[in-house]
Amino acid sequence: MSISYYEYDAVVVGAGHAGCEAALALARLGIRTALLTMNCDMVGAMSCNPAIGGVAKGQIVREIDALGGEMGKVIDETGIQFRMLNRSKGAAMHSPRAQADKKAYQFSMKQRVESQDNLSLRQEMAEEILVENGKVTGLRVRGNGVYRCQTLVLTTGTFLQALMHTGEAKTPGGRAGEGTTGGLSQSLAQLGFELERFKTGTPARLNGRTIDYSVLEIQPGDDEPQPFSFMTERITQTQLPCYLTVTNAECHDVIRANLHRAPMYSGQINSTGPRYCPSIEDKVVRFADKSSHQIFLEPEGRNTLEVYCNGISTSLPRDVQDEMIHSIRGLEKAEIMRYGYAVEYDFAPPTQLHPSLETKRVAGLYFAGQINGTTGYEEAAGQGLLAGINAALKLQGREPLVLDRSQAYLGVLIDDLVTKGVDEPYRMFTSRAEYRLLLRHDNADRRLTPIGREIGLVSDERWESFSRHQSDIERANAFLIHHRHHGLTLEEWLRRPDYDWQALHQLAPEISELNVTPRASAQVSIEVKYQGYIRRQSREIAEQSKVEVVKIPETFDFRAVPQLRAEARDKLTRVRPRNLGQAGRISGITPSDLTVLMLYLHQPERLSR
């Protein structure tokens, strides 16, 4: 039987949020790229919650945008409700979130992929990774096709040997109505990769015309919605409301009475699920003292009445889901359009990766998204963007882009994955970022746009916009420092809790002549008010950098250091940290282990023994 061959520089498998960002980055950097998906109709699909952003996730979307990625622009175009979360808290905690029209989002992303030069979207079922002499050479697909390539990015989502559960019913598939792939899991295992299983879940979707909104609490969007992309001037589309209801004792009784039929409690599922996004079964069991749990009823689009029930992810049987939903205020007569389910899938523990997201075992092979044990569209898109960038840089003979923890949430994400690994689906939180006051959503462009420009993903138009923004900030800062009122500089006045930028106009009316944008003045205000904390974090970063610069040679033999504990030798050998800073973040590595390493690294003669 004849084989069809296709020649590309890079191939990306999977067209979800990670795959789209990876493929677009590769193509925009001049790399001939094929994006393969099991179903071309599902490019950029929102399998679960039709929303982008949220706590810490909103920061990631802005970082993706600052580097030249696409997610922020697409949600700005297709969002139906925009909210800034945690407004009552400090600036570091502010996080943008937007409800999406899920089909409009999907079609917008698909159109961007289809129209991108150097990029071919093709419907294929990937089956085997082809490797020669430890380097990827191509991919075999179902139907006797082979894609020859020098780099391969796997963004397989929840589709690796996926199994869906609704009560006792089990169906192969990584998403409702779609199939699964087992060939890639077998191929990865044959290449020596370690694979494990995770699970995730999704709630029921309801027909909106059967919901009694009159008894529910309305949740409108912000009066002045803030866009995600730094290239979007303002959000102009009409926003749609969401609604809030809660579970109750009757609902909890229904769940408790049927736990023996819940796959997570019957023994049908043994995989680990996301602790911070538990099913309603988990909530009722783990928080038995709580009399209710919130449910956010979120519209799935402008041209559909389908409503997503955020807060009651479940894999209970269909009849139990019916009874549970009908016990909730406002949902007594609600019709379920799609039942909730759980899905089990393979992932590859991410300690098998370099910080560039290239695998340690096979050169030119990159993993991004849920295959690395993460959860969430935003975490996936960020990984996809960085994997695509680094695959392109490798082909161009350039050094990989590895963001530091002090530079971006994306740096925290990747470092956590490759250094610590995962024992549950990884989700980003502000608490994971030790320098979160410096990693705010409002300054992502200032942190990362110069990097995106150097790589080649930031257009001239974006760079000019960024340069104007920088100029506004510099002029505003200079004005605050050099103008006084009653003996104090305007910067000192702005530092006071009861003064904001508008109040300065009363002290110095000429400030209006600066003509800085509201975004620039808001950023200046934040940095002035948090100046002391920012300086302290900057000093902490400088101290940490002293450890980070102590490099560990790639060939360093940790097992040859007798003073290291056996556990330390094993973990260091498995992770292979690039420097002492990363070594210190490995779970179980002690300060005394680092001291031993420091001794050996500063005595080169010992390295040769």
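These numbers were taken from a predicted model, which means no experiment stands behind them.
- Contact of the V422 side chain with the L417 side chain is registered, since non-hydrogen atoms from C-beta on lie closer than 4.5 Å.
- Taking all atoms of both residues into account, the shortest heavy-atom contact from L240 to P299 is CB-CG, 4.4 Å.
- When all heavy atoms are compared, the tightest approach of A433 to L439 is CB-CD1, 4.3 Å.
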With salt bridge (charged side-chain N to carboxylate O under 4.0 Å, His left out) as the criterion, how do R495 and E491 come out once you've worked through the C-alpha distance, each side chain's angles and the decisive distance to 0.1 Å? CA-CA 6 Å; R495 206 174 295 157; E491 182 186 67; 3.0 Å; yes
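- Heavy atoms only, all atoms of each residue included: Y308 and P203 are closest at OH-CD, 3.3 Å.
- With hydrogens and angles ignored, the 3.5 Å screen pairs a side-chain donor or acceptor of Q81 with a backbone N or O of Q219.
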Could you go through R519 and F230, starting from their C-alpha distance and side-chain angles, then the distance that decides it, and tell me whether this counts as side-chain contact (heavy atoms from CB on, under 4.5 Å)? CA-CA 10 Å; R519 185 159 70 91; F230 295 101; 3.0 Å; yes
Salt bridge (charged side-chain N to carboxylate O under 4.0 Å, His left out) assessment of R28 paired with E70: CA-CA 12 Å; R28 289 169 177 171; E70 207 67 17; 2.8 Å; yes
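- Residues T374 and N372 have side chains that never bring a donor and an acceptor to within less than 3.5 angstrom of each other.
- Using a 30° and 60° split on the angle between ring planes, Y530 and Y533 fall in the tilted class, from 30° to 60°.
- For the pair Y377 (side chain) and G44 (backbone), a donor-acceptor distance under 3.5 Å is absent.
- Side-chain atoms of Q383 come within 3.5 Å of backbone atoms of E379 as a donor-acceptor pair (strictly under, hydrogens ignored).
- With sequence neighbours left out, R436 forms a salt bridge (charged side-chain N to carboxylate O under 4.0 Å, His left out) with no residue at all.
- Proximity of a side-chain donor or acceptor of K199 to a complementary backbone N or O of Y345 within less than 3.5 Å is not detected.
- Side chains of R453 and T449: a donor-acceptor N/O pair is absent below 3.5 angstrom, by distance only.
- Rounding to the nearest 0.5 angstrom, the gap separating the CD atom in Q99 from the CG atom in N310 is 8.0 Å.
- Under the salt bridge (charged side-chain N to carboxylate O under 4.0 Å, His left out) criterion, R302 pairs with no residue at all, not counting sequence neighbours.
- Between Y426 and R432, the closest side-chain pair of non-hydrogen atoms falls below 4.5 Å.
- Listed here is the closest heavy atom pair of W463 and P450: CZ3-CA, 3.8 Å.
- Classification of E527 and R440 as a salt-bridged pair holds, one side-chain N sitting under 4.0 Å from a carboxylate O.
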May I have the step-by-step check of side-chain contact (heavy atoms from CB on, under 4.5 Å) for R112 and K73, ending in yes or no? CA-CA 11 Å; R112 292 161 193 257; K73 288 182 282 189; 4.0 Å; yes
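- Within a 6.0 Å sphere centred on CD of E233, other residues, nucleotides and ligands contribute 12 heavy atoms or fewer.
- A search for side-chain contact (heavy atoms from CB on, under 4.5 Å) contacts involving R398 returns L393, Q396, not counting sequence neighbours.
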Working note: D65 + R462, criterion salt bridge (charged side-chain N to carboxylate O under 4.0 Å, His left out); need CA distance, chi angles, decisive distance, verdict. CA-CA 10 Å; D65 180 75; R462 177 183 283 269; 3.1 Å; yes
Kindly determine whether T375 and Q370 satisfy side chain to side chain donor-acceptor pair (under 3.5 Å), including the steps that lead there. CA-CA 6 Å; T375 182; Q370 284 177 285; 4.6 Å; no
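- Distance alone, capped at 3.5 Å, is enough to place a donor-acceptor pair between the K529 side chain and the L494 backbone.
- When all heavy atoms of I75 and A100 are compared, the pair lying nearest together is CD1-CB, 3.5 Å.
- Looking at S108, its side chain never comes within 3.5 Å of a backbone N or O of A104 through a donor-acceptor pair.
- Between the side chain of S465 and the main chain of E461, no donor-acceptor pair closer than 3.5 Å is present.
- Atom CD1 of I534 sits about 5.0 Å away from atom CG of L437, to the nearest 0.5 Å.
- In this structure, the side chains of V402 and R578 come closer than 4.5 Å at one or more pairs of heavy atoms.
- With H17 contributing its side chain and A45 its backbone, the two residues share a donor-acceptor pair below 3.5 Å.
- In this structure, the side chains of R446 and F466 come closer than 4.5 Å at one or more pairs of heavy atoms.
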I would like to know whether T430 and Q59 meet side-chain contact (heavy atoms from CB on, under 4.5 Å); could you show each step before the answer? CA-CA 9 Å; T430 51; Q59 282 88 328; 4.1 Å; yes
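- For R536, the CZ atom is loosely surrounded, since the number of other residues' heavy atoms within 6.0 Å does not exceed 12.
- Judged purely by atom type and a 3.5 angstrom limit, S471 has no side-chain atom pairing as donor or acceptor with the backbone of R468.
- Annotation: side chain of Y499 is not in contact with side chain of E492 (no heavy-atom distance under 4.5 Å).
- Using modelled atom types and a 3.5 Å distance limit, the side chains of R447 and Q407 yield no donor-acceptor pair.
- With no hydrogens or angles considered, no side-chain donor-acceptor pair links N390 and S356 at under 3.5 Å.
- For the atom pair L297 CG and Y243 OH, the distance stands at 10.0 Å (nearest 0.5 Å).
- In this model, no donor atom of one side chain and acceptor atom of the other lie less than 3.5 Å apart for T33 and N118.
- Put simply, CG on L357 and CG on L386 are 6.5 Å apart, with the number rounded to the nearest 0.5 Å.
- In this structure, CG in L438 is found 4.5 Å from CD1 in I541, a value given to the nearest 0.5 Å.
- Of the possible polar contacts, none joining the R62 side chain to the G72 backbone as a donor-acceptor pair under 3.5 Å is found.
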When you look at W501 and L480, which way does the side-chain contact (heavy atoms from CB on, under 4.5 Å) test go after all the steps? CA-CA 10 Å; W501 188 264; L480 296 181; 4.0 Å; yes
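- Ionic pairing of E548 and R405 is not present here: no N-O contact between side-chain nitrogen and carboxylate oxygen is shorter than 4.0 angstrom.
- Nearest heavy atoms, T202 versus C48: OG1-SG, 3.7 Å.
- Using a 4.5 Å heavy-atom threshold, the side chains of F82 and P227 count as separate.
- Between V575 and the choices I586, V418, I589, the side-chain contact (heavy atoms from CB on, under 4.5 Å) rule is met once, by I586.
- Atom NZ of K89 sits in a sparse spot, with 12 or fewer heavy atoms from other residues, nucleotides or ligands closer than 6.0 Å.
- L403 places a side-chain heavy atom less than 4.5 Å from the side chain of L448.
- For D223, the CG atom sits in a loose shell: 12 or fewer heavy atoms of surrounding residues, nucleotides or ligands are nearer than 6.0 Å.
- To the nearest 0.5 Å, atom NE2 of residue H441 and atom CG of residue D445 are 11.0 Å apart.
- The shortest distance between side-chain heavy atoms of L457 and L67 does not fall below 4.5 Å.
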